[in-house]
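Everything below concerns the one structure shown next.
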Amino acid sequence: MTGETTIPLLPCRSIDETADFYRMLGFTETLHQTRPNPYTVVVKDDIQLHFFGVDDLDPENTHGTCIVIVPDTGALFDRFAAGMRAEHGKVLVSGIPRVTRPRKRANTGNRAGFSLVDPGGNVIRFFPADEDTEQAPKPTSKLGRTLVTAIILGDAKGDGPQAAKILDATLAKAAPDTPATELAEALAYRAELAVRLGDHPRALELLDRLAALPLTPADRTALAPALTAAADLRTQLT
C-alpha cells in the first residue's frame, strides 16, 4: 500500500510561541485551536508538525522528537538560518531554541543531518533522503578521528560537554604534522561547542587560532562551510 502519511504530535508550552517560532523558519500555521485543548499545526511544503499545549512543560527535560527526511538538508538549513538572522540577527546555536549545522556523521550512513530544538525543547532531526555515496576522505590524524567522535557526541547525542572535553584533550596534543584542514575543522567545531555551552572567551580564542592558520586557496575551498560557520560565530561574539 502507498500514500500513507505519518504526522508527529509534539508537546509545547505555548501554541502562540511555537507558531511564531516556526513562522520565523518559513512555516505557515494552518490550525490554531485554544479550546477544548491548545493545539496548533505548522506546515512547510510537505513537512507537517502538530503541537499540543502542556502548561507545566519544562523544555530542558522534554523528550519530544521526530525525524524529517528532506531532499537537501543544506538548502533547508540555509532557509532556517536566514529566518533566524532576519529575526534575531544571528543563527541560534545555543540555549533553547537552537539549531545545529548539517554535518556528515559516521553513525548516519554518511548523511549530513542537522537538528532543530524548538521553544518546547522538541528535537526535530532533519536528514537527506539519500545516503551520500561519495566517499569522504578518512581523517589521517588523531585529531581528525577525534572530531568524528566529537560530532556524534555533540550533535547526535547532544552531549556538548563531553564532545568539548575530548576535543580539548586532543587539540592540546595535536601533532605538528596534523593537516591544516583537519585542524581547522576541529577548531571551528570546538568554537561552536563553546558558544553552545556559553563559554564566549574560549570561543573567541579558538576562532582567533583558526584565523591564524596558514590555509591555501584549495584549503579554503574545501573548508568553505566550516569557515562560513566560524565567521557567523564571530559576528555573534563581537
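What you see is a predicted model; the values in this text were computed from it and never measured.
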For [X] and [Y], work out which heavy atoms get closest and say how close.
| X | Y | value |
| --- | --- | --- |
| Ala188 | Leu210 | CB-CD2, 4.1 Å |
| Ile96 | Gly121 | CG2-N, 4.3 Å |
| Asp219 | Ala180 | OD2-CB, 4.3 Å |

SB check [X] [Y] (cutoff 4.0 Å):
| X | Y | answer |
| --- | --- | --- |
| Arg23 | Asp20 | yes |
| Arg234 | Asp208 | yes |
| Arg98 | Asp118 | no |
| Arg13 | Glu17 | yes |
| Asp232 | Arg101 | yes |

With a 4.5 Å cut-off on side-chain heavy atoms, are [Y] and [X] touching?
| X | Y | result |
| --- | --- | --- |
| Cys66 | Leu49 | yes |
| Leu143 | Leu171 | yes |
| Phe127 | Arg125 | yes |
| Lys90 | Leu233 | no |
| Leu25 | Lys44 | no |
| Leu204 | Arg202 | no |

Would [X] end up clustered with [Y] when hydrophobic side chains under 4.5 Å apart are linked, directly or stepwise?
| X | Y | answer |
| --- | --- | --- |
| Leu223 | Leu193 | yes |
| Val41 | Val68 | no |
| Leu215 | Leu187 | yes |
| Leu197 | Leu167 | no |
| Val54 | Val117 | no |

Just how far is it from atom [atom1] of [X] to atom [atom2] of [Y], taken to the nearest 0.5 Å?
| X | Y | atom1 | atom2 | result |
| --- | --- | --- | --- | --- |
| Ser115 | Ile124 | OG | CD1 | 9.0 Å |
| Arg190 | Leu207 | CZ | CG | 11.0 Å |
| Leu10 | Thr18 | CG | OG1 | 9.5 Å |
| Leu153 | Ile166 | CG | CD1 | 5.0 Å |
| Asp177 | Leu183 | CG | CG | 11.5 Å |
| Met84 | Arg79 | CE | CZ | 13.5 Å |

Short side-chain donor-acceptor distance under 3.5 Å, [Y] and [X]:
| X | Y | answer |
| --- | --- | --- |
| His63 | Asn122 | no |
| Thr40 | Glu29 | yes |
| Thr146 | Thr170 | yes |

For the pair [X] (side chain) and [Y] (backbone), establish whether a donor and an acceptor sit closer than 3.5 Å, ignoring hydrogens and angles.
| X | Y | answer |
| --- | --- | --- |
| Thr62 | Gly64 | no |
| Thr65 | Val123 | yes |
| Asp72 | Gly74 | yes |
| Thr178 | Ala174 | no |
| Glu182 | Thr140 | yes |
| Thr73 | Ala112 | yes |
| Glu205 | Arg209 | no |
| Gln236 | Val91 | yes |

message: Before you tell me yes or no, could you show the steps for Phe126 and Ile47 under side chain to side chain contact (heavy atoms under 4.5 Å, CB included), namely the whole-Å CA-CA distance, both residues' side-chain angles and the distance that decides it to 0.1 Å?
response: CA-CA 11 Å; Phe126 295 91; Ile47 304 171; 4.1 Å; yes
message: Determine whether Phe80 and Phe114 satisfy the following criterion, side chain to side chain contact (heavy atoms under 4.5 Å, CB included), listing intermediate values before the conclusion.
response: CA-CA 11 Å; Phe80 287 178; Phe114 72 94; 3.9 Å; yes
query: Is there a side chain to side chain contact (heavy atoms under 4.5 Å, CB included) between Val70 and Asp46 once you walk through the steps?
result: CA-CA 9 Å; Val70 300; Asp46 290 331; over 6 Å; no
message: Please enumerate all residues that pass ring-ring contact (aromatic ring centres under 6.0 Å, His included) together with Tyr22, with sequence neighbours excluded.
response: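 Residues passing ring-ring contact (aromatic ring centres under 6.0 Å, His included) with Tyr22: Phe27, Phe51.
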field: Pair His88-Met24, side chain to side chain contact (heavy atoms under 4.5 Å, CB included): steps then yes or no
entry: CA-CA 10 Å; His88 298 282; Met24 174 185 68; 3.6 Å; yes
